[in-house]
Protein chains: 2
Amino acid sequence: MPRAGLSAERIIGEAAELADEVGFEQVTVSALARRFGVRVASLYSHLDGSHDLRTGIALLALEELTDRAATALAGRAGRAALLAFAEVYRDYARQHPGRYAASRYRLDPETAAASAGVRHARLLRAVLRGYDLTGDEQTHAVRLLGSVFHGYVSLELEGGFSHSAPDSERSWARIVEVLDGLLRNWPDPSHSDASRTEASQPEASQ
Amino acid sequence: MPRAGLSAERIIGEAAELADEVGFEQVTVSALARRFGVRVASLYSHLDGSHDLRTGIALLALEELTDRAATALAGRAGRAALLAFAEVYRDYARQHPGRYAASRYRLDPETAAASAGVRHARLLRAVLRGYDLTGDEQTHAVRLLGSVFHGYVSLELEGGFSHSAPDSERSWARIVEVLDGLLRNWPDPSHSDASRTEASQPEASQ
DNA sequence: GCAAATTTCCTAAAACCTTTAGGCTTCTGT
DNA sequence: ACAGAAGCCTAAAGGTTTTAGGAAATTTGC
């Protein structure tokens, strides 16, 4: 009988396809073997198991996403860079929901440190070079952007914004626009904020 | 032999505990049976299966979270309400990571419509009553807040912000503060934005 | 108070997924 | 051609899910 021609790369690639089709959670060594027309045990010559498979998809997704972001960011700065990054991020998640979910799979520290994830994080921080933010404030801003992007895309994929008044497309565009404005006019970390509304009652936090 | 005294409520409650201890993904009918010192099949008299179990945890979490939010929001408006909501949200997620993950479990539409989720969404929108936002802009703002809250908490639980320069606590506080400022000075949806920085190059979006 | 009805929990079993061990067969290089 | 390596296979054990049907404990009705 002829061989199936498996290899770690092909397997991870098919697994990524499968993830996009049926969801990252549903990616299973069994389903993958069926897809290759091969017995389950055969895959274990190329994989270290289920965790390894998921890690592989995650690394692939991080790399693809980061490459897209790098391409989109080349030659852009400030607002244009922010828009480009945001578009790439959301488009990737919508085109490849399974891979996107995989990119959030928890990697062990060494694997994560060697992954495209760090390059992706650097790119996001690079977007902020177009704005006037430094030190801790820049970090806060990076975390804000990361949270909005991930949070929005994640809620959207869960179906959170479907079938309601302004369509998700519009909200996304508007939010990114608003964030650009926020970054351009990033408020000083003055301790008594409360700049321009009715008097601030100093409420206890709990 | 004496009975274990199971009931749907007790089972869901234990399942929520288990989720917080080992993670929502790891909550399994088997593990739960072991915890009760009971055979697996015994739980099937009280549950419709695994999906039903997860749904139960999700509904419990949504209710707890919403109750906390409602309590925290009573008598507060504007900035104070935003701070309170944010604190409740993050605290709940940190105290009950498994339940929090459960609260993001995808429910079927009817179940979702009858869940505390809709009350929770109303509460978040109510927070915005303290700011001057209406119509679509209010919806965009609700989605922004939801994204930031969920995104931040989710990244934090994944370990994204640990062991790096400004601790997560500070970033959270600062981000909420910045959001308050943003909501108070929400920019007009003017079509040619680019209000106060260097001349805006009209870059194509792709 | 007790028998009947009901509920609770059990054993048994089938189906599926994961993982390891070890064997045959197909390639590859010399 | 043939020895070694690599690829895919059968076999098997262990775990989870779910259904079917039985036995014991509790509750209910008289």
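Chain naming here is simple, since letters A, B, ... match the order of the sequence lines and numbering starts at 1 in each.
Using a 4.0 Å heavy-atom cutoff across all strands shown, B:Ser50 reaches sugar-phosphate atoms only and no base atom.
Taking side-chain N and O atoms only, B:His46 has no distance below 4.0 Å to OP1 or OP2 of C:dT7. Side-chain N/O atoms of A:Ser45 include none lying less than 4.0 angstrom from OP1 or OP2 on D:dC8.
Relative to the ring axis of A:Tyr131, A:Arg184 does not place its NZ or CZ within 45° and under 6.0 Å from the centre. For the pair B:Arg54 and B:Phe24, the cation sits on the ring face: its NZ or CZ lies under 6.0 Å from the ring centre, inside 45° of the axis.
A donor-acceptor contact shorter than 3.5 Å links the side chain of A:Tyr152 to the backbone of A:Ser168. B:Arg143 contributes no side-chain N or O that, together with a main-chain N or O of A:Ser171, makes up a donor-acceptor pair within less than 3.5 Å.
Remark: C1' of C:dC9 and CG of B:Leu47 are 14 Å apart, rounded to the nearest angstrom. In this structure, A:Tyr44 places its OH atom 8 Å from C1' of C:dC17, rounding to the nearest Å.
In this structure B:Asp52 satisfies the salt bridge (charged side-chain N to carboxylate O under 4.0 Å, His left out) test with no other residue, sequence neighbours excluded.
Closest contact between the side chain of B:Ala41 and the listed nucleotides C:dT19, D:dC9, C:dC10 involves C:dC10.
Outside the 6.0 Å centre-distance limit, the rings of A:Tyr100 and A:His96 are not counted as a close aromatic pair.
Near DNA chain D, defined here as any heavy-atom distance below 4.0 Å, the residues from residues 24-39 of chain A are A:Val38, A:Arg39, listed numerically.
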